[in-house]
2 protein chains.
Amino acid sequence: MASISIQKTGSVASEGHDDPRGRILSAAGQEFAEKGFEAATIRDICTLATVNVAAVNYYFGDKHRLYIESVRHAHEERSQQVPLPEWVDGTPPVKKLRDFVGNMLQRMLGFDHPPWQVRLMLREILHPTDACRELVEDYIRPHFTVLCSILDELTDGEMSPPELRRIGLSVVGQCFLYRAAGDVVGMLIPPNEKKNLHNPVDLADYITSFCLAALGQQNPLSVEVARK
Amino acid sequence: MASISIQKTGSVASEGHDDPRGRILSAAGQEFAEKGFEAATIRDICTLATVNVAAVNYYFGDKHRLYIESVRHAHEERSQQVPLPEWVDGTPPVKKLRDFVGNMLQRMLGFDHPPWQVRLMLREILHPTDACRELVEDYIRPHFTVLCSILDELTDGEMSPPELRRIGLSVVGQCFLYRAAGDVVGMLIPPNEKKNLHNPVDLADYITSFCLAALGQQNPLSVEVARK
DNA sequence: AATCAATTAAAACGGCTGTTTCAAACGGTG
DNA sequence: CACCGTTTGAAACAGCCGTTTTAATTGATT
């Protein structure tokens with residue numbers, strides 16, 4: 001009588017527009033992404049999902065478990081929205097790096113303003129909660145591992161794994177800034193400059209060049225060669 | 001009768017431990033930094049500041065204006081806690097860049113865990129509100145301008161201002177990742193690796209080297225020189 | 001000592017929150 | 001049709017929130 005059994009619809013019909021659980025998950029993701037866990041209200045979520053407030057308790061138990069599930073739902077959706085590129089054998093690592101950076105920027109920045117899935121994941125990265133560990137293991141680490149293996153290939157195995165990881169973080173950091181601090185970046189540079197230089201394509205070319213130059217795989221950005 | 005005049009103590013005694021306005025400002029900064037604007041409560045702030053709840057309304061009007069003031073207070077304090085380095089004429093730009101990166105990392109990461117001032121500013125950068133414009137103009141832009149002028153000096157005026165800004169963002173991005181996504185970074189790399197390679201000093205050396213190599217001002221990180 | 005503005009204190013007020021209750025509606029199954 | 005577990009709906013609950021009110025206290029000035 002008092003024992004509440006929480007429903008789990010892990011498999012089918014979870015995407016249909018007449019599936020209440022899916023609608024709640026999607027609405028919650030958007031609200032949590034925009035306002036954060038505290039500021040988002042169950043009533044707003046349920047209004048957006050066109051369900052009764054009691055439905056959250058019925059399907060998820062409470063607000064916290066709804067949040068956990070919506071983060072999981074977000075990175076699962078985003079994984080298949082923007083999958084990692086696949087390369088045929090013999091693809092030069094330089095091209096792989098360029099593809100990876102382009103892929104990462106597209107996944108982070110999106111075409112116009114980024115989808116709520118990314119913004120929700122970003123919140124979890126910036127202020128980790130219980131949902132973070134799964135996000136890292138299932139989403140972030142696989143991507144980071146691919147990056148490090150590309151860098152390993154690129155440097156012909158000269159670098160140790162710690163060094164590769166540090167370089168990988170340099171690559172990620174340059175992309176991450178535009179996503180996490182994009183508003184401030186937009187305030188620091190003139191508006192037209194943002195359109196000309198800071199679009200995903202040119203940015204991917206630039207960041208790739210910057211890293212390749214640092215690794216000695218192409219000419220430095222500045223034409224003047226090392227002085228000493 | 002109903003007209004409330006908000007107190008402004010812009011000048012003296014604002015730092016004393018028996019100044020209620022200063023205590024509220026400090027307590028609010030810590031609470032906002034840890035929990036964010038919505039989750040932080042006026043009651044908790046006032047308990048921490050050992051003042052009555054009515055004091056917030058008396059000194060600041062409402063919660064929102066208290067937040068704005070506490071962000072201002074945070075970056076004013078942080079400006080004099082970690083001032084920009086000053087260089088004598090003739091200092092080589094390579095040293096200036098290394099100093100700047102070290103200074104930025106120290107300001108962002110702090111010695112142990114970063115002070116609440118930085119975390120509060122970070123929140124404002126990630127999810128800008130009304131307090132962001134002033135933060136950018138008074139704190140971030142001056143630092144960024146210095147960085148760009150160092151890069152200009154470093155490249156002997158070969159780069160256009162937009163290019164300099166883009167390179168500057170590459171420098172900032174590599175530092176910013178450790179601050180904003182430090183928890184996730186810590187989950188991606190082994191614990192001992194974090195202590196060995198990811199401390200402020202070694203990180204500053206590495207990031208400086210990475211950028212100098214990219215700009216052709218020192219040998220690339222990988223010993224193998226450009227192939228083509 | 002008396003006066004008066006500045007400051008502090010305690011209590012209360014709506015309003016909104018997450019959550020729960022309980023009954024009504026639904027939808028297959030015998 | 002009758003049955004019964006599943007799902008939905010409207011309303012209410014207790015609790016905390018930001019803010020305000022009202023009164024007491026302070027502290028310097030006359």
Side-chain angles (χ1 to χ4, degrees), chain A residues 1-14 16-29 31-32 34-70 129-131, chain B residues 1-14 16-29 31-32 34-70 129-131:
Chain A
M1 187 185 294
S3 74
I4 299 175
S5 67
I6 297 163
Q7 311 299 325
K8 293 191 179 181
T9 319
S11 51
V12 287
S14 195
H17 277 291
D18 49 353
D19 167 39
R21 199 187 129 98
R23 285 206 314 275
I24 295 174
L25 228 33
S26 175
E31 289 291 306
F32 286 139
E34 266 190 34
K35 307 176 183 173
F37 178 77
E38 314 279 349
T41 72
I42 291 187
R43 280 172 174 83
D44 285 349
I45 290 171
C46 290
T47 301
L48 188 61
T50 62
V51 298
N52 191 272
V53 281
V56 163
N57 191 274
Y58 181 74
Y59 284 103
F60 298 96
D62 58 15
K63 188 185 182 183
H64 182 251
R65 270 175 285 186
L66 170 60
Y67 177 80
I68 303 282
E69 286 296 317
S70 73
T129 68
D130 298 341
Chain B
M1 187 186 292
S3 74
I4 300 173
S5 67
I6 298 163
Q7 311 298 326
K8 293 191 178 180
T9 319
S11 52
V12 287
S14 194
H17 277 292
D18 49 352
D19 167 39
R21 201 188 127 99
R23 285 207 313 275
I24 296 174
L25 227 34
S26 176
E31 289 291 306
F32 286 139
E34 265 190 36
K35 307 177 183 172
F37 179 77
E38 314 279 349
T41 72
I42 292 187
R43 280 174 173 82
D44 285 349
I45 291 171
C46 289
T47 301
L48 188 60
T50 62
V51 298
N52 190 272
V53 280
V56 164
N57 191 273
Y58 181 73
Y59 284 103
F60 298 96
D62 58 16
K63 188 184 183 183
H64 183 250
R65 271 175 284 185
L66 169 60
Y67 177 79
I68 302 282
E69 285 297 316
S70 74
T129 69
D130 298 340

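So that the names make sense, note that chain A is the first sequence line, chain B the second, and so on, each numbered from 1.
With sequence neighbours excluded, the residues satisfying side-chain contact (heavy atoms from CB on, under 4.5 Å) with B/Thr50 are B/Arg23. Considering only residues two or more places apart in sequence or on other chains, A/Thr47 meets the side-chain contact (heavy atoms from CB on, under 4.5 Å) condition with none of them. Listed by chain and residue number, B/Asn52 satisfy the side-chain contact (heavy atoms from CB on, under 4.5 Å) test with B/Ala54 (two or more places apart in sequence, or in another chain). Legend: residues meeting salt bridge (Lys or Arg N to Asp or Glu O under 4.0 Å) with A/Asp130, ordered by chain and number and at least two apart, are absent.
Between A/Val56 and A/Ile24, the shortest heavy-atom contact is CG2-CG2, 4.2 Å. Considering all non-hydrogen atoms of both residues, A/Pro20 and A/Val51 come closest at CB-CG1, 4.2 Å. Of all heavy-atom pairs spanning A/Lys63 and A/Phe32, the tightest one is CE-CE2, 4.0 Å.
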Set out, line by line, the N/O atom pairs under 3.5 Å between protein and nucleotides 8-12 of chain D.
unit_1	atom_1	unit_2	atom_2	d
D/dT8	OP2	A/Tyr59	OH	2.6
D/dA10	N7	A/Asn52	ND2	3.3
D/dA12	N6	A/Arg43	NH2	3.4

Protein-nucleotides 22-28 of chain D N/O pairs closer than 3.5 Å?
none

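Looking only at side-chain heavy atoms (C-beta outward), A/Phe60 and A/Arg21 come within less than 4.5 Å of each other.
Straight-line distance from the CG atom of A/Asp62 to the P atom of C/dT17: 17 Å, rounded to whole Å. Put simply, CD on B/Glu38 is 16 Å from C1' on C/dG18, counting in whole angstrom units. For the pair B/Asn57 CG and C/dT7 P, the computed distance is 14 Å after rounding to whole Å. If you measure from atom CD of B/Glu31 to atom C1' of D/dG18, you get 15 Å, rounded to the nearest angstrom. For A/Lys63 and C/dG18, the NZ to P distance is 4 Å, given to the nearest whole Å. Rounded to an integer number of Å, the gap from B/Lys35 NZ to D/dG18 P is 11 Å. The distance between atom CG of A/Asp19 and atom P of D/dT7, rounded to the nearest whole Å, is 10 Å. The distance from atom CZ of A/Phe37 to atom P of C/dT17 is 14 Å, rounded to the nearest whole Å.
Sequence neighbours left out, the pairs with a member in residues 35-49 of chain B that pass salt bridge (charged side-chain N to carboxylate O under 4.0 Å, His left out) are B/Glu31-B/Lys35, B/Lys35-B/Asp44.
Nucleic acid contact class of A/Ala40 (heavy atoms, under 4.0 Å, all strands): sugar-phosphate only.
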